[in-house]
Amino acid sequence: MEKDQPKDNVLLARRSLEEVNGYELIDDWKFDHKKNKWYIKFSLTLDVQIEGKFTTNWLAFVHEKYPAGKIKIYPSKENGIEHTYFHQEFNQNTVDGIQWRTGAPCLEEPFKVVGRDNSVEEPFGSAPDRLRWYIERLMTWIQLASQNMLIPPGDPFEVPPTPATNLLKILVTAEDSKTFGFWSHHFGKSGIFYFSSIGKKNNLDVVSFFKVGKEPLKYEWGEKIPLNLGSGSLGIWILANEVPVVSNWELPQTFGQLKDVLHTQGIDLNESIKTLADTLRSSRNPLMLVGFPISEFVGGKLIQIHWFGIRLPTLSSKEAKPPNGFRNNQMGRWRNDLKVLRNDLPLRWVETENWSLEEFSRRSMLDEQITSRSFLILGAGALGSVLVEQLAKLGVKNITIVDGDALKGGNLVRHSLGVDDVGEGKASALQEKVNNAMPYASVKGINEYFPTEVSEDIDIVIDCTGSDEVLSAVENYDWPENNIQFYSFSFGINLQKLFVYKKGSIHDFSYQDFTTQLCPWGEKDYAEHPGFKLPKEGIGCWHPAFPGRFDDVSIWSGIAVKEIEKGINCDTIDGVSTYKIISDTDGSFSGIIKDSL
């Protein structure tokens, strides 16, 4: 069924394009039911040639509620550009019946390269101007692409886009400046690697080891990812000297194209696979990694390796009959392999992501001076559960949690664990959750009450129990001789305050000092809440429930992290700090300040 006529805003966008010099309408608005968008076909004529053409055809897609929604512009199959350039999705053909190719240029904000003029922002709410803004940026993009000027020196480096052929799986590596030092001696070489499939749907193939002759490279993953050499599945890797593109910024689409590109770099693809093929014969559609060095900025120093994954066809089995005239040896099996490794074989690219801590830290993590420390957290209640997850998300690898309690239904309102964990030990359940949350986390949960035996490899001890009994045990515990910082975090009434106790060395901690410093704050808190009584929890024997909301727990956990960060970076940290939530006259949240006696 045909969609009704486009709304006035969509028609207004088309009329506005008539003012653009070089624009010409080919087909007026039509509705694509699969994309649920209106699209228009047009041509652009410029005074520069791209792929030998002054005029190129395009299709622009807008949301039916335009000017709201995303705008995408694709090359037309008819007289459109056919190659892939910088700042563009992979530009491949589509199935019959579709008028456009896949290679939409990246024109939207925050893309700041086009035209070098950042003063004209995208006019989001303007029906006459928004589509025209995209068309004008497209014209500039074509001009720069035709002159190979889309990414001048100094711009952020971008890897070529992957063809959308096998994106159900994601291949995960962990490359950084440290591993680059290893790889810098092995350009042009090949070998085998090990990977493990993880994730709810086994959709993540995570690389753990590379073998380079007798020399291994081992990624430093956490507890979630198997790291034993020889465990998991096998694949082969080839390290190119530079980005393996066919033309402009386009990855090879066939096995023959990849062979030709690597040949120009002195790498014999057939010989590399042939040497390692016998290790892959038991694998269905084995993985091959093709790596190359990249820089942070165009023209800058090479700093790390980037890998692309390719699914190879299944190679012949060792039992397969060799061709006439060949024995059932490596050469005979290879002759069988060449029947599937044809030059016209379409490459099945696999999406690849780099999960190195260096890469994660670009989105903000704690300093390595903190993340390299080993943490012991006493108490896996509301605060402890949120704190351990925040520390892991911020890059802390080694965390031990000690708590003998099991999770109860009433805990769910302000605990980071969920319904499936009710009845489980809080510590062990958090171990599973947090190790699953971050690939570098090595969290150990001990379902016992402190004191209990813990590792001697501890740098920071954090008390989140609010228990005098635990604090007394901390004083009397036989801690290792190394310098261990101690923090104790506890809540005020209704979670409106956070009490922070800090000691530079746990060997200097005493329960008497703690009570001496904290008691005045507790007395003040009760004085500010006259008549406060703990509410009853459930039916049966009297049991108090400490009131407080999960959003407040999360706020205080974040402040606890900042106190730890400050303490690790300071020479002297002994003392007490108290933070409190302040409200406006109507009781609504106003902010957080440091409290004073």
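This chain uses plain numbering: 1 for the first residue, then up along the sequence.
Counting only heavy atoms from C-beta outward, the side chains of Leu17 and Tyr134 never approach each other to under 4.5 Å. Using a 4.5 Å cut-off on side-chain heavy atoms (C-beta onward), Leu394 and Ile370 make no contact. With a 4.5 Å cut-off on side-chain heavy atoms, Thr275 and Ser190 do not count as touching. Taking the side chain as every heavy atom from C-beta outward, Leu289 and Val207 approach each other to under 4.5 Å. Put simply, the side chain of Phe255 reaches to within 4.5 Å of the side chain of Ile273, judged on heavy atoms. Counting only heavy atoms from C-beta outward, the side chains of Ile303 and Phe157 never approach each other to under 4.5 Å. Side-chain atoms of Leu150 and Trp141, non-hydrogen and from C-beta on, do get closer than 4.5 Å to each other. Under the 4.5 Å side-chain criterion, counting only non-hydrogen atoms from C-beta, Val443 is not in contact with Glu223.
One distance of note links CH2 of Trp133 with CG of Leu107; it measures 7.5 Å at 0.5 Å rounding. Atom CG in Asn57 sits 9.5 Å away from atom CD in Glu24 (nearest 0.5 Å). With rounding to the nearest 0.5 Å, the separation of CZ in Phe308 from CD1 in Ile238 is 15.0 Å. For the atom pair Asp27 CG and Phe42 CZ, the distance stands at 12.0 Å (nearest 0.5 Å). Summarising the geometry, atom CD1 belonging to Ile50 is positioned 12.5 Å from atom OG1 belonging to Thr55; distances are rounded to the nearest 0.5 Å. Here the straight-line distance linking atom CD of Glu271 with atom CG of Leu262 works out to 13.5 Å at 0.5 Å rounding.
Between Trp355 and Trp221, the angle of the ring planes goes over 60°, which puts this pair in the perpendicular group of the 30/60° scheme. Ring planes of Phe195 and Phe193: tilted class, angle from 30 to 60°.
The number of heavy-atom neighbours closer than 6.0 Å to CG of Asp96, taken from other residues, nucleotides and ligands shown, is 12 or below. Remark: Lys339 NZ is packed, more than 12 non-hydrogen atoms of other residues, nucleotides or ligands lying under 6.0 Å away. Atom CG of Asp420 sits in a sparse spot, with 12 or fewer heavy atoms from other residues, nucleotides or ligands closer than 6.0 Å. Remark: Arg362 CZ is packed, more than 12 non-hydrogen atoms of other residues, nucleotides or ligands lying under 6.0 Å away. The number of heavy atoms from other shown groups lying within 6.0 Å of CD (Glu158) is above 12. No more than 12 heavy atoms of other residues, nucleotides or ligands sit less than 6.0 Å from atom CZ of Arg335. Annotation for Asn21: atom CG does not count as buried by contact number, only 12 or fewer foreign heavy atoms lying within 6.0 Å. Within 6.0 Å of the CZ atom in Arg342, the count of heavy atoms belonging to other residues, nucleotides or ligands exceeds 12.
Taking all atoms of both residues into account, the shortest heavy-atom contact from Pro323 to Asn336 is CD-OD1, 3.5 Å. Summarising the geometry of Val245 relative to Val261, their closest heavy-atom pair is O-CG2, 3.8 Å, with the distance given to 0.1 Å. Pairing each heavy atom of Met365 with each of Phe360, the nearest pair is CE-CB, 3.4 Å. Here the closest heavy-atom approach between residue Phe182 and residue Pro216 is recorded as CE1-O, 4.1 Å. The nearest pair of heavy atoms linking Asp176 to Gln304 is O-CB, 4.0 Å. Nearest heavy atoms, Leu280 versus Gly235: CD2-CA, 4.0 Å.
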>> Determine whether Tyr85 and Trp249 satisfy the following criterion, side-chain contact (heavy atoms from CB on, under 4.5 Å), listing intermediate values before the conclusion.
In response: CA-CA 5 Å; Tyr85 300 84; Trp249 209 229; 5.5 Å; no
>> Does Lys259 form a side-chain contact (heavy atoms from CB on, under 4.5 Å) with His263? I'd like the steps, not just the answer.
In response: CA-CA 6 Å; Lys259 277 201 308 184; His263 179 74; over 6 Å; no
> Does the side-chain contact (heavy atoms from CB on, under 4.5 Å) test come out yes or no for Phe54 and Leu46, once each step is laid out?
Replying inline: CA-CA 6 Å; Phe54 288 103; Leu46 282 73; over 6 Å; no
> Given the rule in the side-chain contact (heavy atoms from CB on, under 4.5 Å) test, do Leu341 and Leu315 qualify, once you have shown the distances and angles that lead to the verdict?
Replying inline: CA-CA 9 Å; Leu341 295 174; Leu315 303 182; 4.2 Å; yes
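With Asp337 contributing its side chain and Ser316 its backbone, the two residues share a donor-acceptor pair below 3.5 Å. Between the side chain of Gln92 and the backbone N or O of Pro163, no donor-acceptor pair lies under 3.5 Å. Between the side chain of Trp237 and the backbone N or O of Ile192 there is at least one donor-acceptor pair closer than 3.5 Å. One N or O on the side chain of Ser356 and one on the backbone of Glu175 form a donor-acceptor pair closer than 3.5 Å. Counting only distance, with no hydrogens or angles, the side chain of Ser590 and the backbone of Asp584 share no donor-acceptor pair below 3.5 Å. For Glu51 (side chain) and Glu82 (main-chain N/O), a donor-acceptor pair under 3.5 Å exists by modelled atom type. At distances below 3.5 Å, not a single donor-acceptor pair connects side-chain atoms of Ser16 with backbone N or O atoms of Ala13. Side-chain atoms of Arg348 never come within 3.5 Å of backbone atoms of Arg311 as a donor-acceptor pair (strictly under, hydrogens ignored). Between the side chain of Ser43 and the backbone N or O of Thr56, no donor-acceptor pair lies under 3.5 Å. For the pair Asn9 (side chain) and Leu12 (backbone), a donor-acceptor distance under 3.5 Å is absent.
Taking the six-membered ring wherever Trp is involved, the centroid distance between the rings of His33 and Phe31 falls below 6.0 Å. Phe61 and Trp100 have their aromatic ring centers within a separation under 6.0 angstrom. Two rings, from Trp307 and Phe210, have their centers less than 6.0 Å apart.
In this structure, a donor-acceptor pair under 3.5 Å is present between the side chains of Asn436 and Lys224. For the 3.5 Å distance criterion, the side chains of Thr84 and Gln88 fail to qualify, holding no donor opposite an acceptor.
For Glu89 and Lys72, the salt-bridge test passes: some basic side-chain N is under 4.0 Å from an acidic carboxylate O.
The salt bridge (Lys or Arg N to Asp or Glu O under 4.0 Å) test with Arg130 singles out one residue from Glu108, Glu122, Glu121, and that residue is Glu122. A side-chain contact (heavy atoms from CB on, under 4.5 Å) with Leu59 is found for one member of Gln99, Arg101, Lys77 and no other, namely Gln99.
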